[in-house]
Amino acid sequence: MPEQPVSRRRLLAATGAATLAGGAAALGASPAAAASAAPRVRPLDGPRLVLLGTAAGPPPERTRRGIASALVVDGRTYVIDCGRSAVTQYQLAGLKLADLESIFLTHLHADHLADYYNFFLLGAQLSNDEGDLITEPVDVYGPGPAGALPPAFDNENPPVVAPHHPTPGLHRLTEKQIEAFAYSTNVFIRDSGIADPRTLIRTHEIELPEGTGAHPLGPTAPPMEPFEVADDGTVRVTAILVDHGPVFPSYAFRFDTAYGSVVFSGDTVRHDNVVRIARGADLLVHEVMDADFYRAAGLPPAYLDHMLQSHTDVTEVGPIAEAAGVDTLVLSHICPADPKHVSSAEWRRRAGKGFSGRVIAGEDLQQIPLPGR
């Protein structure tokens, strides 16, 4: 008689038993291999911010992983942006897939999305050697369709990918990724009993309040007040539009918890809306760029224009944090990412001008306790 497919429940039970019996070694790995599989950082206890990756993109950099952060509060984990290697970094930080509560996407640029679907494609199918996987629905919050494409930098008529749906929002992006991997998923459902990924992803396209006056062709981030996106009783999340050049909508997020408040600027030029949403926060995680480096780098005109019109120079982030009255400024989405160009000490020195609080130049897998822990 042909061997019957192993049910998902039996597979999880077997894997969990093996893990309890000795982890990777119990599954057939050598002691040395089992030791090397352990997380590279020792996770802190209690509520904390984890910088999974701190590099701007899209180009992959050897020295840093793509932009992604995690906020851990009362055993729940909230991921903010999903850059390259976010899933691997999540595990190296000692975080559990089973604890993933929600994902928040500031905008739909590729460097913030590269590992988004991998949380479900890889992290919600079969249990890993530690018996960990996503088994409960995860809420995902992010932008809806932009509604229009900006004009090209050189005023020419560029090609348009997917002309029938050139500006998809979070719903359609997720739907198409699920469809793209349909064959792999359907086979695994039949021979391994995995869950249908459609039952594990709950997408929420963020709706702007009426009367903001925002438009994909400008203004993309008019003055406004923060508005509520989610509140699960553990964290309350508010959002505000920020100016990321031609990208619309692009959000900053604020997470208010019983242990303190954390704000993520998203990608933006210096903008008063960041000050509004960050007012009185404990931690402000702000993107940072060295504009002088890119001016001297001989970039193509369109690329240089994008950098200068879409990101915040290091000399401007200190005054933003000071105006908001935050306690700690955390630099992330760092560009250039390679420390051979700008050292951590130099980032801190230049960002600290005009700011009376603490400055942290973010590093991959760095963990920062929340102040009220």
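These numbers come from the heavy atoms of this one structure, side chains and all, not from hydrogens, waters or symmetry mates.
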Shared ILVMFWY cluster between [X] and [Y], side chains joined below 4.5 angstrom?
X      : Y      : value
Tyr117 : Ile67  : no
Met289 : Leu331 : no
Leu217 : Val242 : no
Val269 : Leu299 : no
Phe181 : Val187 : no

Locate the shortest heavy-atom distance separating [X] from [Y]; write the atom from each residue and the value.
X      : Y      : answer
Ser127 : Asp132 : OG-N, 3.4 Å
His165 : Pro168 : O-CD, 3.4 Å
Thr63  : Ala337 : OG1-O, 3.8 Å
Gly147 : Thr167 : N-OG1, 3.3 Å
Asp290 : Pro336 : CB-CD, 3.9 Å
Glu287 : Ser310 : OE1-O, 4.0 Å

Listed once per pair and sorted, the side chain to side chain donor-acceptor pair (under 3.5 Å) pairs that draw on residues 208-224, sequence neighbours left out =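 As it turns out, there is no side chain to side chain donor-acceptor pair (under 3.5 Å) pair with a partner in residues 208-224 once direct neighbours are skipped.
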
Atom [atom1] of [X] and atom [atom2] of [Y]: how far apart are they, to the nearest 0.5 Å?
X      : Y      : atom1 : atom2 : result
Ser344 : Arg349 : OG    : CZ    : 13.5 Å
Ser265 : Leu329 : OG    : CG    : 9.5 Å
Leu52  : Leu92  : CG    : CG    : 9.5 Å
Asp292 : Thr315 : CG    : OG1   : 8.0 Å
Phe188 : Tyr183 : CZ    : OH    : 10.5 Å
Leu208 : Met224 : CG    : CE    : 6.0 Å

ask   = With sequence neighbours excluded, what pairs up with Phe355 under the ring pair (Phe, Tyr, Trp, His ring centres under 6.0 Å) test?
value =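 Ring pair (Phe, Tyr, Trp, His ring centres under 6.0 Å) check on Phe355 returns nothing, list empty.
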
request  = With sequence neighbours left out, write down each residue that passes ring pair (Phe, Tyr, Trp, His ring centres under 6.0 Å) with His107, or none if nothing qualifies.
outcome  =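 Ring pair (Phe, Tyr, Trp, His ring centres under 6.0 Å) check on His107 returns His109, His112, His244.
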
Compute whether any side-chain donor of one residue and acceptor of the other, for [X] and [Y], lie under 3.5 angstrom apart.
X      : Y      : value
Thr106 : Asp81  : yes
Thr203 : Tyr141 : no
Arg65  : Gln89  : no
Asp74  : Tyr259 : yes

key: Criterion ring-ring contact (aromatic ring centres under 6.0 Å, His included) against His341, the qualifying member of Trp347, Tyr294, Phe293   =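 Answer after filtering Trp347, Tyr294, Phe293: Phe293.
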
key: Partner of Phe264 under ring-ring contact (aromatic ring centres under 6.0 Å, His included), chosen from Phe255, Phe253, Tyr78, Tyr251   =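 Checked Phe255, Phe253, Tyr78, Tyr251 against Phe264; only one passes ring-ring contact (aromatic ring centres under 6.0 Å, His included): Phe255.
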
Does anything in [range] pair up under salt bridge (Lys or Arg N to Asp or Glu O under 4.0 Å), and if so which pairs, sequence neighbours excluded?
range            : answer
residues 192-208 : Asp139-Arg202, Asp196-Arg198
residues 252-273 : Arg254-Asp256
residues 310-320 : none

query = What residues, two or more places apart in sequence or in another chain, satisfy side-chain hydrogen bond (donor to acceptor under 3.5 Å, both in side chains) together with Glu322?
reply =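 Once residues adjacent in sequence are excluded, the partners of Glu322 under the side-chain hydrogen bond (donor to acceptor under 3.5 Å, both in side chains) criterion are Ser356.
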
task = State which residues pass side-chain hydrogen bond (donor to acceptor under 3.5 Å, both in side chains) with Arg64; sequence neighbours excluded, sorted by chain then number.
result =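 For Arg64 the side-chain hydrogen bond (donor to acceptor under 3.5 Å, both in side chains) partners, ignoring immediate neighbours, are Thr54.
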
Is there a side-chain contact between [X] and [Y] in this structure, where contact means two heavy atoms from C-beta onward sitting under 4.5 Å apart?
X      : Y      : value
His333 : Asp111 : yes
Lys96  : Glu130 : yes
Leu49  : Ser69  : yes
His286 : Val274 : yes

Taking [X] for its side chain and [Y] for its backbone only, find out whether a donor-acceptor pair lies under 3.5 Å.
X      : Y      : result
Asn273 : Arg276 : no
Thr312 : Thr268 : yes
Ser343 : Glu346 : yes
Arg84  : Glu61  : yes
Gln125 : Leu121 : yes
Gln91  : Thr88  : no

query = What do the steps show when you test Leu113 against Leu105 for side chain to side chain contact (heavy atoms under 4.5 Å, CB included), and what is the final call?
reply = CA-CA 8 Å; Leu113 295 172; Leu105 301 172; 3.6 Å; yes

Check against side chain to side chain contact (heavy atoms under 4.5 Å, CB included), Tyr116 and Leu170 = CA-CA 11 Å; Tyr116 160 50; Leu170 176 61; 4.0 Å; yes

ask   = So, for His311 and His306, is the gap between ring centers shorter than 6.0 Å?
value =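 Here the rings of His306 and His311 have centres that are less than 6.0 Å from each other.
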
With Phe120, the side chain to side chain contact (heavy atoms under 4.5 Å, CB included) member among Thr185, Val140, Val87 =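 Only one of Thr185, Val140, Val87 forms a side chain to side chain contact (heavy atoms under 4.5 Å, CB included) with Phe120, namely Val140.
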
For [X], what residues pass the salt bridge (charged side-chain N to carboxylate O under 4.0 Å, His left out) criterion, not counting sequence neighbours?
X      : value
Arg358 : none
Asp364 : none
Glu101 : Arg76
Glu228 : Arg236

task = Verify side chain to side chain contact (heavy atoms under 4.5 Å, CB included) between Ile178 and Ile201, making sure each step is shown before the conclusion.
result = CA-CA 10 Å; Ile178 292 172; Ile201 310 174; 4.2 Å; yes

query = Yes or no on side chain to side chain contact (heavy atoms under 4.5 Å, CB included) for Leu283 and Leu370, after CA distance, side-chain angles and deciding distance?
reply = CA-CA 8 Å; Leu283 300 174; Leu370 297 192; 3.9 Å; yes

